[in-house]
There are 2 protein chains.
Amino acid sequence: MSEKSRPLRADAARNRARVLQVAYETFAEEGAGVPIDEIARRAGVGAGTVYRHFPTKESLFQAIVADRLRQIVEWTRAQAAADPGEGLYAFLFQMAEQGATDLGLTEAFAGSGFDLAAALPDAEREFTGMMAEILAQAQRAGTVRPDLDTADIKTLIVGLQAMRRFRGDSELMRRVYPVIRAGLAVPDSAETSPRT
Amino acid sequence: MSEKSRPLRADAARNRARVLQVAYETFAEEGAGVPIDEIARRAGVGAGTVYRHFPTKESLFQAIVADRLRQIVEWTRAQAAADPGEGLYAFLFQMAEQGATDLGLTEAFAGSGFDLAAALPDAEREFTGMMAEILAQAQRAGTVRPDLDTADIKTLIVGLQAMRRFRGDSELMRRVYPVIRAGLAVPDSAETSPRT
DNA sequence: ATACAATCGGGGCGCTCGTTCCGCTTAGGA
DNA sequence: TCCTAAGCGGAACGAGCGCCCCGATTGTAT
């Protein structure tokens, strides 16, 4: 519908790109709660300039999250193509690491005052579709227990990101990741859970 | 130092108790971000009354978290005494369920703008001590892998609470809890983690 | 019943933050 | 170079919220 109606003046295009870049970094560092003024200041523009390009703070945040999701889908597909059995694990632990570096994405994922599926239905659909693919791949390869679906994976991502954010350093990798990995592996015998 | 300097008037004592109770429920429902006015309204008092009993919003929140931690320590010790091997799991999944019902506690635990150890050093110490006990118990009983410490358990709690909050219903129990349980169990062979 | 101090309530101050407005600046075609 | 409209910045507005203040109220000792 609203393609490039007019070519956008050179300085305006420059500012828009700069705002996007700075907003990405700032949301990653500070989360969705950061004031627009802070983003404007870091970008070296006035608040009005931000609002000319993005009608609300929410829309700016959404634009960045959508872009981020697209990057992750692309990265993950490449990983899964290289090693189908490991793709799901690579994806999972990559998402966990995002918890340490990208607070905005983590919040968007955990649904802290932001409904991903409602705000970005297309991006969410593609993301979930990609998850379904690599999960099925891993299950076919026998590296992940078969009684899990994409909703479970999403839940684990939210948990892993929270853990990663809680623990600042890579201790998480050395201790908790193996626990999760062991939990996701196909159980040896018939029983899925030891008790109850 | 500041014991009961004076007996506190009857209506004042009543209001104080009412504020505490209502604040507990409100923080649990809405999280630490809820306005003091909302708590005052629900308690049927003025905002000034809240501030006479608790000098800051933060101090009210702390009082409630401290109380909550004490309850959990007590409950968990009883569970662990009944079944040493299961105590750690009972504790872990109980904490996860708190994620669904007590947002305030979850935030305090995850450190969302609240440093538990700094704000309530005594309560935090007792809580961590209790965790060390039941973890050692479970490891002695052979139900939990030995290469984990209390920091790992805290990390898992943060993750589990985030997951429980993300998923509204008890699906979590049926799918994700067994994964965590399987991950925490003592590995069959020598290897702790399959790869890398 | 009376008096007085403890307590109460809620309006108000000060600050933060999202969003808007408008007079000034400047890109870029003629 | 000149003109015009696109674009700019940041002051300002309104809403939300923590916390304080003070005149009105009420428990309680006498």
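In the text below, chain A, chain B and the rest are named by the order of the sequence lines, each starting its count at 1.
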Original post:
Quick one: what's the B/S/- string for nucleotides 16-29 of chain C, heavy-atom cutoff under 4.0 Å, read 5' to 3'?
Top reply: -SSBB-----BSS-
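Boundaries of the chain B contact region on DNA chain D are D:dC17 to D:dT28, first to last in 5' to 3' order (nucleotide atom under 4.0 Å from a heavy atom).
Residue A:Glu74 qualifies as open at atom CD: its count of foreign heavy atoms under 6.0 Å is 12 or below. In B:Glu38, the CD atom is crowded: over 12 heavy atoms of neighbouring residues, nucleotides or ligands sit closer than 6.0 Å.
OP1 or OP2 of C:dT7 has not a single side-chain nitrogen or oxygen of B:His53 nearer than 4.0 Å.
Counting only residues at least two apart or on different chains, the ring-ring contact (aromatic ring centres under 6.0 Å, His included) pairs with a member in residues 60-88 of chain A are A:Phe27-A:Phe61, A:Phe61-A:Phe114.
Side chains of A:Arg145 and A:Gln139: a donor-acceptor N/O pair is absent below 3.5 angstrom, by distance only. Between the side chains of A:Thr128 and A:Glu124, a donor-acceptor pair is found at a separation under 3.5 Å. Counting only N and O atoms by type, the side chains of A:Gln71 and A:Arg68 include a donor and acceptor under 3.5 Å apart.
In this structure, B:Arg181 satisfies the cation-pi test against B:Tyr89, with its NZ or CZ atom closer than 6.0 Å to the six-membered ring centre and inside 45 degrees of the ring normal.
Put simply, the side chain of B:Leu88 reaches to within 4.5 Å of the side chain of B:Ile153, judged on heavy atoms.
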